[in-house]
Structure formats: structure tokens, C-alpha cells
Amino acid sequence: MYKRAAEQNCLSLLQLCNSLSKLTQIQAQIIKLGHKNNPLILSKLTSISSRFDAINYACSFIFSPESETHYYDTFLFNTVIESYAGTAKFKRAAIHYYKEMLSHCVEPNNYTYPFVLKACAGIKDLSLGKTVHGSVWKLGFSPDPHVSNAMIHMYCSCESGIEFAEKVFDEMAETSSVSWSTMIGGYVRCRMSSEAIRLFRKMQVVGVRPDEITMVLVLSACADLGSLELGKSIESFIENEKFEMRTELCNALIDMFAKCGDVDKALRLFKDMPTSKRTVVSWTSLIFGMALNGRGLEAISLFEEMKQAGLGPDEVTFIGLLTACSHAGLVEEGETYFDLMVNYYGIVPRIEHYGCMVDLLGRAGLVKKALEFVDRMPVAPNHVIWRTLVSVCCGQDKLDLGEKITKELIANEPMEESNYVLLSSIYAKMSFWGKKTTVRKAMTKKGIRKVSGSTVIELDDGV
DNA sequence: ATAGGGTTAG
């Protein structure tokens, strides 16, 4: 009886724990009360510690070299794997503990695999995912819907695995809106948006009712396709079916209308949202919408309004804002906002932010400044940055420099078709017909298909 | 006593 009370005591202490210092005190209590090998308490310790990023600390205690292993059980390992799978940086540790579990002959169950597969998805390890799939099959967990859905999600998250996801999905005996949403989301992620829409139609034919999450995904497919007609039909569907207008669904509608060109409709939807429901995503979607529709000044006022509303912009907001400055030719504003982002908001610029700045300077004709900016960047320029520089050079009739950079690009990515198109168009501008033919030959030699129709027209324009 | 899909960019 005393033991039970002590266990309850430890569990309720853990429930209230919200910092590492409290955790160490509770840990001392656990040892004192003789519960350092109690799987239930250790599981609770694990899940609680993952809430304040102390999972590594908790596991070093649970799995210390001198700890006895007889208490290791499935539930404890499941919790450890789940906690690690939910971290940003230590997903591999989830796999490590899954392997530990197997080597200690602790049997995984149907709860184990969704966690393990989530970790595989997070680290995009297809071959590991396939191995886990094999174990799932051998152990007979394949019919479990949670396991299957996690499997689909895993294959969709690993690049070039989509057909494996389709296979798992097709073989499911019973599907739910979760399975369909997982698959639709997988297509959207792979930019196979038409497939996503096709599957959504099929879902209705088969008679599985979509939910709010399905609709968010379908809207992002519409946004990707840029089809306003399709987007509007989905909007009517949402209205007719009386879906709950959650923030995420409103945001998806705003994003869809903005990307499909009806930015005024996006603005109306945004204004109709209760102020308290607007999130940084709502604002950012609208700022992007303005930027992409040539309304840079409105994007800037929205950003200022957002600050007034007391919402902190994130790194994505700044990509939108800098894009707006770039498209509107607002060089000084762009430079000021870049500084604000770094020095006031403490956001470490990513390659995308640098790309915006190169674009900003380049479009304004400041080629030299753009090149100096790239030189000073603390990160290595990627092909997007180089391509931006090339188009800047071409626009400013600095064809020699453009040619030099493009040759570098080709040296780095010899199989990338668009690089040859760039070089070809530079030579077309230079009227070096002989060289242009050489480029075509080099492409054929490397087994690269002919350039697409639209590109050919563009090249012929140059003629 | 632990489970599956989601919004902005890339």
C-alpha cells in the first residue's frame, strides 16, 4: 500500500514539473522512494521532460550504464521513441532506442510503429523506412490503420517514395479521412497537385467524408495549380458542407485566392476574420499575395499593421516582405527591413533571404552591389542565387559575366537542363551562333532532353 | 498508460 502511495506521489510531482531544476529534485525523490526502476514513472518522466527539451537528460538517467535492464518494457520504449520522434534535432535517437528495444528483446507493439515511422519520415530515410515496413509486415501490424497511415506519411515524406505510399494506401482494407488526407497531402508535398485533386474527387465518389484538414490540403493543391475556377468550386463546397471555419482553413483560403490572382478576395477574407483569430500565417499569406501581385506598397503597409497588432513576424514573413520590396523596386526599404530582421528580431537570415536581397539589388540594376553582397554572405551561394545573378547580368547586358557564372553552374550541376537554357540564351543574345549549337550538342551528349516548348519560343524571340 | 493527416517559404 505504501509503495502505491509513493508511486502516486511521484506521478503527481512529475505532472507539475516544468523545468530541469524541478526535474532533478523529483529525480532524487524517485530514487529515495525506491522507484528508479518503475517503468510507469520513468515513462512519465520521459514525456514530461520532452516538453521542456530535457529528453536527453531523462534518458541518460533511465538508460545509464549501471541501470538494471529487467524493467525495460514496451510502454517505456514507446514513450521514449515518441518523445524523440517529436524533437527537431534528435529524431535519429528515436531509431536508436527502437534498435535498443529490439536488442533487449522488448517486443514492439502496434503503438510503437507510428512513432518509429514518424522518425523515419522526419529524417527522410527511405531505406530505413523500408526496413521498418518489413518488420511491420512480419509482425502482423500491417492491418492497423494507425500504422498504415504513418507508413503512407513516411513514404510521402521520403523523396521519390510516392509510389510506395500509393501501394500501402491502395492495399488498405478500410480507409478514413485521415488516410485520404495523408495521401492527398503527400501529393501536394511532391507538387503533384493534379493528382491531389483527382484523389479528392475519388474520395467523394467512394463516399469518405472529407474533414477540415482534407480541405486545407485540397486548397493548397488549388493554390499550387493557380486555378481560380477550381479554387472557387472548392470554396463553395466548403460553404455548402458547413465546415467549421478554423483559422487554418481561413488561412488556406486566403493563400489560395492570393496565389490564384484574386488578392482582393483574399484581403476580404482576411478582414472578415476576427482579429484575435489572425495568426502570423494569415498575415504572411496576405503579404505574399500582395508581393506576387505587384502590390509591394500594400504588402509593406500590411507588415506595419501586423507589427501594430502586436504579432511578431517570422522568417517566412520576411521572405514575403523582401519579395515585395524586390518586385516593387524598393531597394532602401528592403535593406532597412533586412537589417530589422537581423538586428531587431534576431532572425538568422537563410539562403532564401539572401536570395531576395540579390534579386532586390539586381532588379534595381545594381549589379556590382549584388555581386559584392554575394561575396560578403556568410553562407555559400546556391544555384538559385547564381541563377538570379545570371539573369541580372543578362538584364544589364553584362553577358560575359553571365556566361562565366553559368559555366560554373554547369560544372556544378551538369545534368540540370535550365543551366544550358541560360547559357544558350546568353549566346543567343551575344549572337554567337556557333557556341549556341555547341551547347545543344553538349546537352545531347549528356543525355539531357530537348528544352521544353515554351523555352524554345523564348530563345527564338532572341533571334 | 503511449497512436495516424494540416496553414505561410523552399
Side-chain angles (χ1 to χ4, degrees), chain A residues 7 11 38-44 46-48 50 73-83 85-86 108-118 121 141 144-154 156-157 165 168-169 172 175-189 191 196 203 208 210-221 223-224 246-256 258-259 266 270 277-289 291-292 306 313-323 350-353 355-356 382-384:
Chain A
E7 185 182 89
L11 288 175
N38 180 320
L40 175 57
I41 288 175
L42 295 177
S43 301
K44 198 81 199 165
T46 303
S47 53
I48 293 285
S50 68
D73 74 354
T74 303
F75 180 69
L76 176 59
F77 271 109
N78 285 354
T79 312
V80 169
I81 294 166
E82 179 193 20
S83 300
N109 62 10
N110 52 328
Y111 283 77
T112 313
Y113 284 99
F115 302 141
V116 174
L117 290 165
K118 186 180 173 186
F141 295 126
D144 186 296
H146 285 91
V147 174
S148 301
N149 293 333
M151 192 79 72
I152 296 168
H153 182 250
M154 180 277 292
C156 290
S157 307
V168 176
F169 179 74
M172 280 180 83
T175 55
S176 63
S177 66
V178 178
S179 339
W180 290 81
S181 300
T182 309
M183 202 59 230
I184 290 171
Y187 283 130
V188 174
R189 197 196 302 251
R191 306 216 81 178
M203 180 179 186
V208 178
D211 59 25
E212 284 84 3
I213 296 178
T214 320
M215 298 323 297
V216 166
L217 293 164
V218 170
L219 284 170
S220 75
D224 183 46
R246 305 238 298 260
T247 301
E248 294 84 351
L249 193 50
C250 290
N251 291 348
L253 277 168
I254 292 170
D255 176 58
M256 182 275 291
K259 289 217 182 101
F270 178 83
K277 276 198 163 184
R278 294 176 194 160
T279 64
V280 63
V281 178
S282 329
W283 288 92
T284 302
S285 301
L286 199 55
I287 288 171
F288 257 100
L292 300 176
M306 175 185 178
D314 66 11
E315 49 181 34
V316 187
T317 315
F318 277 102
I319 297 176
L321 184 64
L322 295 173
T323 304
R350 300 211 319 226
I351 192 86
E352 290 85 358
H353 297 105
C356 289
N382 63 4
H383 56 96
V384 178

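Note on naming: letters A, B, ... go to the chains in the order of the sequence lines (proteins, then strands), and numbering restarts at 1 for each one.
Remark: Lys118(A) pairs with no residue by the side-chain hydrogen bond (donor to acceptor under 3.5 Å, both in side chains) rule, at least two apart or across chains. Among residues two or more places apart in sequence or in another chain, the ring pair (Phe, Tyr, Trp, His ring centres under 6.0 Å) test is passed with Phe318(A) by Phe303(A), Tyr345(A).
His353(A) places a side-chain N or O within donor-acceptor distance of the main-chain N or O of Glu315(A), the cut-off being under 3.5 Å.
Among the atoms of the strands shown, none is found under 4.0 Å from any heavy atom of Arg191(A). As judged by a 4.0 angstrom heavy-atom cut-off over every strand, Ser282(A) is placed among residues making no nucleic acid contact. Backbone-only contact: Phe288(A) has heavy atoms under 4.0 Å from sugar-phosphate atoms and none from a base. Residue Ser43(A) is classed as having no contact, given no heavy-atom separation below 4.0 Å to the nucleic acid. Within 4.0 Å (heavy atoms only), Thr182(A) reaches sugar-phosphate atoms of the nucleic acid but no base atom. When heavy atoms are screened at a 4.0 angstrom cut-off, Ser177(A) is found touching base atoms of the nucleic acid.
A side-chain donor from one of Thr175(A) and Trp180(A) sits under 3.5 Å from a side-chain acceptor of the other. Under 3.5 Å, the side chains of Thr182(A) and Asn149(A) contain no donor-acceptor pair of N or O atoms.
For DNA chain B, the outermost nucleotides in 5' to 3' order that have an atom under 4.0 Å from a heavy atom of chain A are dA1(B) to dG10(B).
Between Tyr187(A) and Leu217(A) the shortest side-chain heavy-atom distance does not fall below 4.5 Å.
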